[in-house]
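Data first, discussion second: the structure below is written as structure tokens.
For clarity, every value in this text was computed on a predicted model and none was experimentally measured. We name chains A, B, ... by the order of the sequence lines, and we start the count at 1 in each one.
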Number of protein chains: 2
Amino acid sequence: MDSRRSDCEATNIDIVNRVRPNMPETRLLYELSDFFKVMGDSTRIQLLWALEESEMCVGDLAVLLDMTKSAVSHQLKVLRTAKLVRSKKIGKNVYYALDDHHVKSILEKALEHIGE
Amino acid sequence: MDSRRSDCEATNIDIVNRVRPNMPETRLLYELSDFFKVMGDSTRIQLLWALEESEMCVGDLAVLLDMTKSAVSHQLKVLRTAKLVRSKKIGKNVYYALDDHHVKSILEKALEHIGE
DNA sequence: TTGACAATTGAATAGTTGTTCAATTATAAT
DNA sequence: ATTATAATTGAACAACTATTCAATTGTCAA
């Protein structure tokens with residue numbers, strides 16, 4: 001049987017064999033790309049940026065981002081699932097806060113790449 | 001005229017008004033989310049990870065990732081457009097290399113978030 | 001308990017994206 | 001010139017995703 005997907009042979013098989021054992025495991029690979037997928041949306045970047053400044057409830061965030069509560073709530077759920085924010089209910093409101101101290105430094109690194 | 005998209009009033013208008021001036025400009029916002037979009041794909045993470053170890057040509061990368069040259073080439077183009085990799089042609093081969101020293105530290109920060 | 005408000009939810013839709021496939025370009029070797 | 005190999009390209013398809021809309025839950029006030 002031959003389950004190779006690649007449609008060619010390696011030109012430098014020595015390099016490939018040296019690099020291969022250092023490649024990330026499948027699980028880690030998907031955790032990494034899933035994390036960046038969560039960051040890869042302008043609405044969610046805005047939410048994280050805002051929550052870096054202050055805790056806020058869904059309605060406040062909706063006004064700040066000029067979006068419906070529904071749209072904001074959907075995206076907050078994504079951030080909550082990714083454990084980047086946490087929420088607490090106070091009366092009729094639900095307040096959200098950052099739940100990861102890496103977010104800020106990752107945003108800063110990304111800003112460095114972009115060139116400020 | 002009223003071009004508000006949000007379907008509510010702010011509960012804490014003082015907080016919203018304090019945070020608003022610190023929000024990122026539209027251009028920066030999209031540069032940030034576009035950058036993370038590029039990182040948010042397991043194939044491209046693998047390519048960056050591999051190129052951190054060594055320059056390689058498209059065929060080598062295809063064998064290493066067990067994908068077709070076409071699929072790899074398409075993704076390399078995305079990375080090239082994002083200025084994360086550069087390429088040079090040597091004979092029939094095109095060799096790719098990392099073109100951004102931030103990639104490594106951003107991956108490391110992301111690994112910290114995930115918890116190694 | 002009735003009415004109003006905050007937030008969540010699920011379904012639907014429109015837009016985006018990754019891989020495949022077939023065709024093409026460019027280089028090297030015979 | 002011809003053939004073979006490396007890589008790129010564009011179109012097509014399937015899978016995924018963000019927002020909208022309507023309906024629902026939960027909480028407070030009257």
Side-chain angles (χ1 to χ4, degrees), chain A residues 4-13 15-16 29-30 33-47 55-82 85-97, chain B residues 4-13 15-16 29-30 33-47 55-82 85-97:
Chain A
R4 258 169 62 268
R5 243 174 297 268
S6 66
D7 54 353
C8 62
E9 302 300 317
T11 302
N12 308 94
I13 189 64
I15 295 182
V16 174
L29 180 60
Y30 282 102
S33 54
D34 284 349
F35 169 74
F36 287 119
K37 271 194 189 77
V38 171
M39 302 288 289
D41 175 79
S42 59
T43 298
R44 291 192 291 266
I45 294 282
Q46 284 188 95
L47 289 171
E55 282 195 14
M56 267 179 279
C57 63
V58 178
D60 291 344
L61 290 164
V63 171
L64 181 63
L65 304 205
D66 195 28
M67 294 177 66
T68 62
K69 275 179 295 186
S70 176
V72 169
S73 181
H74 275 297
Q75 295 309 324
L76 284 170
K77 185 176 193 171
V78 175
L79 293 173
R80 212 164 358 99
T81 302
V85 304
R86 66 190 136 78
S87 62
K88 64 179 174 200
K89 187 151 195 172
I90 300 182
K92 277 184 291 189
N93 300 310
V94 177
Y95 283 85
Y96 280 83
Chain B
R4 258 167 63 275
R5 245 175 295 268
S6 67
D7 54 354
C8 62
E9 303 299 317
T11 303
N12 308 94
I13 189 65
I15 294 181
V16 174
L29 180 60
Y30 283 103
S33 55
D34 284 349
F35 168 75
F36 288 118
K37 270 195 191 76
V38 171
M39 302 288 289
D41 176 78
S42 59
T43 297
R44 291 192 292 266
I45 294 280
Q46 284 187 94
L47 289 171
E55 281 195 15
M56 267 180 278
C57 63
V58 178
D60 290 345
L61 289 164
V63 171
L64 180 63
L65 305 204
D66 196 28
M67 294 177 66
T68 62
K69 275 179 295 184
S70 175
V72 168
S73 180
H74 275 296
Q75 296 309 325
L76 285 169
K77 185 176 195 173
V78 175
L79 293 174
R80 214 166 352 100
T81 302
V85 304
R86 66 190 135 79
S87 61
K88 64 178 175 200
K89 187 150 193 171
I90 300 182
K92 277 184 291 188
N93 299 309
V94 177
Y95 283 85
Y96 280 83

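One atom, CG of A/Asp60, and another, C1' of C/dC5, lie 14 Å apart when rounded to the nearest Å. A/Asn12 places its CG atom 10 Å from the P atom of D/dA7, with the value rounded to the nearest Å. Summarising the geometry, the separation between CG on B/Leu76 and P on D/dT9 is reported as 11 Å, rounded to the nearest angstrom. A straight line from CG of B/Asp7 to P of C/dT8 spans 12 Å, rounded to a whole angstrom. Look at CG on A/Leu79: it is 13 Å from C1' on D/dA18, rounded to the nearest Å. B/Lys77 has its NZ atom 9 Å from the P atom of D/dT8, to the nearest Å. We find that CG of B/Leu61 is positioned 10 Å from P of D/dT8, with the value rounded to whole Å. Distance, A/Glu9 CD to D/dA6 C1': 13 Å, rounded to whole Å.
A salt bridge (Lys or Arg N to Asp or Glu O under 4.0 Å) check over residues 85-94 of chain A, counting only residues at least two apart or in different chains, returns the pairs A/Glu55-A/Lys88, A/Arg86-A/Asp99. Pairs passing the side chain to side chain donor-acceptor pair (under 3.5 Å) check and including a residue from residues 67-76 of chain B, sequence neighbours excluded, read B/Arg44-B/Gln75.
The residue among B/Val94 and A/Gln75 whose nearest nucleotide of DNA chain D is located toward the 5' end is B/Val94. When each of A/Cys8 and A/Val78 is assigned the nucleotide of DNA chain D with its nearest heavy atom, A/Cys8 is the one assigned upstream, toward the 5' end.
Here A/Tyr96 lies in heavy-atom contact (under 4.0 Å) with sugar-phosphate atoms only. Heavy atoms of B/Cys57 sit under 4.0 angstrom from primed sugar atoms or phosphate atoms, though from no base atom.
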Where protein sits on nucleotides 25-30 of chain D, one letter per nucleotide: B base, S sugar-phosphate only, - none, heavy atoms under 4.0 Å: -BBS--
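Within residues 65-72 of chain B, the residues that have a heavy atom under 4.0 Å from DNA chain D are, in order of number, B/Lys69, B/Ser70. Sorted by residue number, the members of residues 35-47 of chain B with any non-hydrogen atom under 4.0 Å from DNA chain C read B/Lys37, B/Asp41, B/Thr43, B/Arg44.
Side-chain atoms of B/Leu61 and B/Leu76, non-hydrogen and from C-beta on, do get closer than 4.5 Å to each other. In this structure the side chain of B/Val94 never reaches within 4.5 angstrom of the side chain of B/Cys57, judged on heavy atoms. A heavy-atom distance below 4.5 Å is not found between the side chains of B/Val58 and B/Asn93. Side-chain atoms of B/Val38 and B/Asp34, non-hydrogen and from C-beta on, never get closer than 4.5 Å to each other.
For the side-chain contact (heavy atoms from CB on, under 4.5 Å) test, residues two or more places apart in sequence or in another chain that qualify with B/Ala10 are A/Asp60, A/Val63, B/Ile13, B/Val16. Residues passing the salt bridge (Lys or Arg N to Asp or Glu O under 4.0 Å) test with B/Asp66, sequence neighbours excluded: A/Arg5. Not counting sequence neighbours, the partners of B/Asn12 by the side-chain hydrogen bond (donor to acceptor under 3.5 Å, both in side chains) test are A/Tyr95. Scanning for side-chain contact (heavy atoms from CB on, under 4.5 Å) contacts around B/Arg80 gives B/Lys77, B/Val85, B/Ser87, B/Tyr96, with sequence neighbours left out. With sequence neighbours excluded, the residues satisfying side-chain contact (heavy atoms from CB on, under 4.5 Å) with A/Ser42 are B/Leu29, B/Tyr30, B/Ser33.
The base of C/dT20 sits within donor-acceptor range of the side chain of B/His74, with an N or O pair under 3.5 Å.
Comparing D/dA7, C/dT8, C/dA6 against the side chain of B/Asn93 picks out D/dA7 as the nearest. Of the candidate nucleotides D/dG10, C/dA7, C/dT20, C/dA7 has the atom lying nearest to any side-chain atom of A/Val58.
Between B/Ala62 and A/Ser6, the shortest heavy-atom contact is O-CB, 3.5 Å.
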